[in-house]
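Working notes, beginning with the structure itself.
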Protein chains: 2
Amino acid sequence: MSADAALDKAREGLRTAILRGEYLPGERLVEAQLCERLGVSRFNVRAAIQELAADGLVKVERNKGAHVRKVSIDEAVEITEVRMVLEGLVAARAAAKVTDAQASELDEIGLLMRRAVSAGEFRRYSDLNQRLHSLIRDVAGHSTADGIIETLRGQLVRHQFMLSLHPGRPAISLPQHERIIEAIRERDPKAAEDAMRAHIASVIEALRDMDAGEVR
Amino acid sequence: MSADAALDKAREGLRTAILRGEYLPGERLVEAQLCERLGVSRFNVRAAIQELAADGLVKVERNKGAHVRKVSIDEAVEITEVRMVLEGLVAARAAAKVTDAQASELDEIGLLMRRAVSAGEFRRYSDLNQRLHSLIRDVAGHSTADGIIETLRGQLVRHQFMLSLHPGRPAISLPQHERIIEAIRERDPKAAEDAMRAHIASVIEALRDMDAGEVR
DNA sequence: GCCGCCAAGATTGTCAACAATCAGCAAGTC
DNA sequence: GACTTGCTGATTGTTGACAATCTTGGCGGC
């Protein structure tokens, strides 16, 4: 294995394990165990841990090692609020820059989403959801916002997984997504930003409801 | 020196040196030289570099070492756009949470700013500017947004220094600041967000003008 | 004079070993 | 039984040395 590949392997291996729930929030990450598990040296394990700490997935405390970061609902709400304004900025910019080909692709995704909801294919809908958000970010080409959004997404994976388990969500978010697509297609930055913010405000609402023990 | 103090010393020493312009954008940061200069071991120098890389102040490339990050005007604009929406979120939240005592303090700062502009004390105005933004963030208590804003500020120090060198800026930004203060005092989140975004949009405009070679 | 190549020194990446600190368990005391 | 203390093994932090890679200056060729 080449030297630089070892660090990649360590970082992505550990990231994947955390995002998959193989290490639970609060769980301690022991370097020696990770060396075995990931098949890399301690040097690379330590480097990977530092990188994931910078991404907010891991908390490192001096002399106490690294733990998977616990993200409370309140934190998840805050993170989602930040995402809301950033993705609003991105949607506005996408509306200002979208090409005809890109608009067609957005519509295509919207159609597939409608079909997935009608067919009750929620896993498929979730994938399309991600694809839509990702395409909008590509259209916008705002690398600063992109980087931050990507980092924050990693911190919210667990909460988003729990949200996606609730069958009522797609019916609520589909029309929101459609409104976003329409505003971008119409090249209306203000409407795109408002639609995206409304959509993510709805996610925040769902997070709060989940905290209160109910989901609509 | 205690062990954990060495890392603090390395990180803050290097951060300060970069923010003060003692290392220029693009300049290479050589570990051995930093060990001498900061009076810490190579281990701590490397750790400090990684932390500053996570903050976006430094770029690290495998086998080529660390360089002070160059932030182009386009990047500065993007970063400021992100700040615009985040500080808008923060201002809205401050408007929703402000206490009477905090509102008085905001007004006090506004008064001091007016005086500083009248007296042509631009350095003082700049300090008050920071104090105002910092207080608004305290009032809002949005730690996720706060952390990101703080990180982004570090990346923009150079550009903000150049902006503050232009005597026309305070006359433009003072009424903008006053509008922000008023909206928060009136507990109007929407107005606060709009006022903050307008203010920072004006900063973006000034950045673009600086790029084009003129400043109004 | 300019360009390309190569060697040497500079620098970064990494390791094994050791020092420092912590966590958990067992024993003792109240 | 509950609490405290001390010890031991586990774990993290760090060092000095060496391997790997890069950068630069000098030399030779055109």
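The distance between atom CG of B/N44 and atom P of D/dG16, rounded to the nearest whole Å, is 13 Å. If you measure from atom CD of A/E31 to atom P of C/dC15, you get 13 Å, rounded to the nearest angstrom. Rounded to whole Å, atom P of C/dG13 lies 10 Å from atom CG of A/L7. Taking atom CZ of A/F43 as the reference point, atom C1' of D/dG16 lies 15 Å away to the nearest angstrom. Rounded to whole Å, the distance from NE2 on A/H67 to C1' on C/dC22 is 11 Å. Straight-line distance from the CD atom of A/Q33 to the P atom of D/dT11: 9 Å, rounded to whole Å. Counting to the nearest Å, the P atom of C/dT14 and the CD atom of B/Q50 are 11 Å from each other.
An OP1 or OP2 oxygen of D/dT21 is reached within less than 4.0 angstrom by no side-chain nitrogen or oxygen of B/R62. Contact between the side-chain N/O atoms of A/S41 and the OP1/OP2 oxygens of C/dT14 is not found at any separation under 4.0 Å.
Screening B/L132, B/L106, B/I136, B/D194 against B/I180 for a side chain to side chain contact (heavy atoms under 4.5 Å, CB included) leaves a single residue, B/I136.
At the heavy-atom level, B/L34 lies nowhere under 4.0 Å from the strands shown. If you check every strand for non-hydrogen atoms under 4.0 Å, B/I49 touches nothing.
B/M113 has its side chain within reach of B/I109: a pair of non-hydrogen atoms, C-beta onward, lies under 4.5 Å apart. A 4.5 Å side-chain heavy-atom check between B/H133 and B/M196 finds at least one atom pair inside the cut-off.
Judged by closest nucleotide on DNA chain C, B/R46 is the one of B/R46 and A/N63 placed further toward the 5' end.
Scanning atom types as modelled, one donor and one acceptor separated by under 3.5 angstrom connect the side chain of A/R42 and the base of D/dG13.
In this structure, a donor-acceptor pair under 3.5 Å is present between the side chains of A/E78 and B/S143.
In this structure, the nucleotide among D/dT12, D/dT14, C/dT14 sitting nearest to the side chain of A/V30 is D/dT12. Taking every side-chain heavy atom of A/K64 into account, C/dC22 is the closest of C/dG13, D/dT12, C/dC22. Closest to the A/R28 side chain, of the nucleotides C/dT21, C/dA23, C/dA17, is C/dA23.
In this structure, B/R187 contributes its side chain and B/V98 its backbone to a donor-acceptor pair below 3.5 Å.
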